[in-house]
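Reviewing the structure listed below.
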There are 2 protein chains.
Amino acid sequence: MKNKIIRIKDIAERAGTSKGTVDRVLHNRGRVAEDVRERILAIIKELNYEPNRIAQSLKSQRTYHIAVLIPDAAVDSYWEAPLAGIERAEKELRQYGIRISRHVFTPHVVQSFLAKANEATKENPDGVLIAPVFYKEVMPFFENWKAQGTPYVLFNTQIESVDPLCYIGQDSYRSGSLAAKILSYGLPDPCSLLVLHINEDIPNSAHLITKEQGFRDYFLQNEKVSQYQVISRDIDAFDINIDAHLEEILTTDPVVKGIYVTNSKAFEVAAYLEKHGIEGIKLVGYDLLQPNLDYLENGRIHFLINQNPLGQGYWGIHQLANYLVFNQEIPPIKFLPLDIITKENLDYYLDPS
Amino acid sequence: MKNKIIRIKDIAERAGTSKGTVDRVLHNRGRVAEDVRERILAIIKELNYEPNRIAQSLKSQRTYHIAVLIPDAAVDSYWEAPLAGIERAEKELRQYGIRISRHVFTPHVVQSFLAKANEATKENPDGVLIAPVFYKEVMPFFENWKAQGTPYVLFNTQIESVDPLCYIGQDSYRSGSLAAKILSYGLPDPCSLLVLHINEDIPNSAHLITKEQGFRDYFLQNEKVSQYQVISRDIDAFDINIDAHLEEILTTDPVVKGIYVTNSKAFEVAAYLEKHGIEGIKLVGYDLLQPNLDYLENGRIHFLINQNPLGQGYWGIHQLANYLVFNQEIPPIKFLPLDIITKENLDYYLDPS
DNA sequence: TTGTATGCGTTATCAT
DNA sequence: ATGATAACGCATACAA
């Protein structure tokens, strides 16, 4: 077992010098004779030295403060999962000095977001993890943080042309293509497919458009499946009478056999179909919310695409920690898997560990 | 930020005693006055002390030796992925004192397995990770390790009634049900479905039978889909003339519209279908091997179920480390997700990180 | 320019 | 029965 771990001391001995000198070389702090420096560097490379992260983090007593900006899970339960992921990461990273403060704002209420974002900024955190659901309003904060050198990680919603440390979430375009694949696979005969945006916040829904694009392009790129006609509709999620809209859409185009709901509101459609006893429509949506799961169980919803919201929170914190604590390079985008969920494999995704 | 981390020193101060005494209480090594002991225990509980794992593992210089028994990836490339997972875990855990020795045997050659298993046993490892592809032959080794108190973790192949520290892999039964769901979803009209065991090792293929059971039961439990007739066939993977067998099967029962290959050999079927220009058959199989991926890309294979073989190796080592290094409780079964893979979401599963 | 001493939290040994 | 102290590997202040 020659697998001995190389320590700074080993390098020092080999170089005929002391730990201090080696350390200065390792951290480029100068005050080292050039020939000694080169000798030490050669040995480091030869022995394939890797610093002992355990000892490093034991030594550095510094704590890092991460501010999290996230919508209230009590209002929209979707956000429970990212919060759980954040909590899990927090537990794992506490001993590495990671401290987290949560700033929970009310979804769809700009004032609430602004207040919380200001609050977070005032804390002068070492890093920010944010679900940037308010596209316009968040921009000045990005600039502010950038000017201060505070790294920020986006999750859930991708915003182009800002310059985050990292985006964590799904590839919306691919996501749409995947939905197209699933629906068309289950519908061998010519028919219409409906893309349904049940929207909460029209101006901040660029990613829904991207999904639709991916959906439509799937059929352009697969000439064999051009037997489908794709139509799309917007419904305001706060509209009292969703049913009426659905009825209008489904009766005016009676050959709709597949529906793709671009966010987590597939259960609304499922409820409508069930209430009216409409059979023979394939339904694909997003996210493992309880109402969606109920309809997945009874077969009204055929597939759900999982955005791994827990993973988004978990990896968001971890990426910040990797950057702050371990000085690692962070890739600017971390796309999480597009998991295809059915009744049969659901269990494995409910409590990922 | 009252989130201070509690140290042994803090407890000692609070109890008006020294670190040594607290340590003796924490580790139940006696030589502590009973009243002091209780006072300290109360404080530990009150302050919610949690040991600093970083300091612990820095201190403990002990190394743990894990022996891995795995088939040769040069013979069957399926095993590349578990090996990659093992390697990744090894890198992460080296600093915690985990050392791994690999014992690679030739698949389907019992002698090779026996030799390597003996070799591994002789090393007196602190733990064993094994892919128990030889059902009968491995049994005496389990008994041996059990008698010695050496924990062993099984992956890939589940064996009932042995007593491993943990099994890591898929739930074969569920896996079969999932395949049934996917095939029937894509085949709305009545037809026959073929379960194909392209087998390398008939006596050691209990899990393939379990898959078939899950597949068949799916249709029993979903009365709506009783329009399908399920047939099953075995083919010897070493048979020179697989094509002839397939031709015979597919011509004698011409209404087969879906094929479920219960292991990673779906590409064999895809090749046959392509060569003979047979269209209109849905094909589902396992594992992201390159030949499978090629046919997934060109549409001959419709879906692959991923057993996350990399994760199996990765988690296998991690579970052993959790047990050996961190004294954690290990759940006896860790089922990995049954990932549904298409061309559209393939990328995310190729290099999981 | 270089080497030495100290401390991070935990653990184990050794005096007291 | 208890407390002081050294060591793990690394970082750094300070002495030489």
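Below, read A as the first sequence line, B as the second, and so on, with proteins coming before strands; counting in each chain starts at 1. The structure displayed is predicted, hence computed values, not measured ones.
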What is the nucleic acid contact for [X], judged by heavy atoms within less than 4.0 Å: base, sugar-phosphate only, or nothing?
X	result
Arg31(B)	base
Lys19(A)	base
Leu58(B)	base

When you measure from the side-chain N and O atoms of [X] to the phosphate of [N], is any distance below 4.0 Å, counting only OP1 and OP2?
X	N	value
Gln56(A)	dA11(D)	yes
Tyr49(A)	dC10(D)	yes
Thr17(B)	dG3(D)	yes

Just the rounded figure in Å: distance from [atom2] of [N] to [atom1] of [X].
X	N	atom1	atom2	result
Lys9(A)	dA5(C)	NZ	P	13 Å
Asn28(B)	dT11(C)	CG	P	13 Å
Glu34(B)	dT2(D)	CD	C1'	16 Å
Leu26(A)	dT12(D)	CG	P	12 Å
Arg39(B)	dA1(D)	CZ	P	15 Å
Ile8(A)	dT4(C)	CD1	C1'	15 Å
Arg94(A)	dC8(C)	CZ	C1'	16 Å
Arg37(B)	dA1(D)	CZ	P	12 Å

Ignoring hydrogens and angles, are the base of dG3(C) and the side chain of Arg24(A) linked by a donor-acceptor pair under 3.5 Å?
yes
Ring centres of Tyr152(B) and Phe142(B) under 6.0 Å apart?
yes
Return the CD1 to CG distance between Ile98(A) and Asp126(A), rounded to the nearest 0.5 Å.
8.0 Å
Rounded distance (nearest 0.5 Å) linking atom OH of Tyr349(A) with atom CG of Asn306(A):
8.0 Å
Residue [X], side-chain atoms from C-beta onward, closest of [options]:
X	options	result
Ser18(A)	dG3(C), dC10(D), dT10(C)	dG3(C)
Arg29(B)	dA1(D), dG9(C), dT11(C)	dT11(C)
Asp23(A)	dA7(D), dT2(C), dA11(D)	dA11(D)
Asn52(B)	dG3(C), dT10(C), dC10(D)	dT10(C)

DNA chain D: Lys59(B) or Pro51(A), which has the more 5' nearest nucleotide?
Lys59(B)
When you measure from the side chain of [X] to the backbone N and O of [Y], does any donor-acceptor pair fall under 3.5 Å?
X	Y	result
Asn118(A)	Leu114(A)	yes
Gln95(B)	Arg53(A)	yes
Tyr78(A)	Ala81(A)	no

Starting from the 5' end of DNA chain C, give me the residue, Ala33(A) or Arg53(B), whose nearest nucleotide shows up first.
Ala33(A)
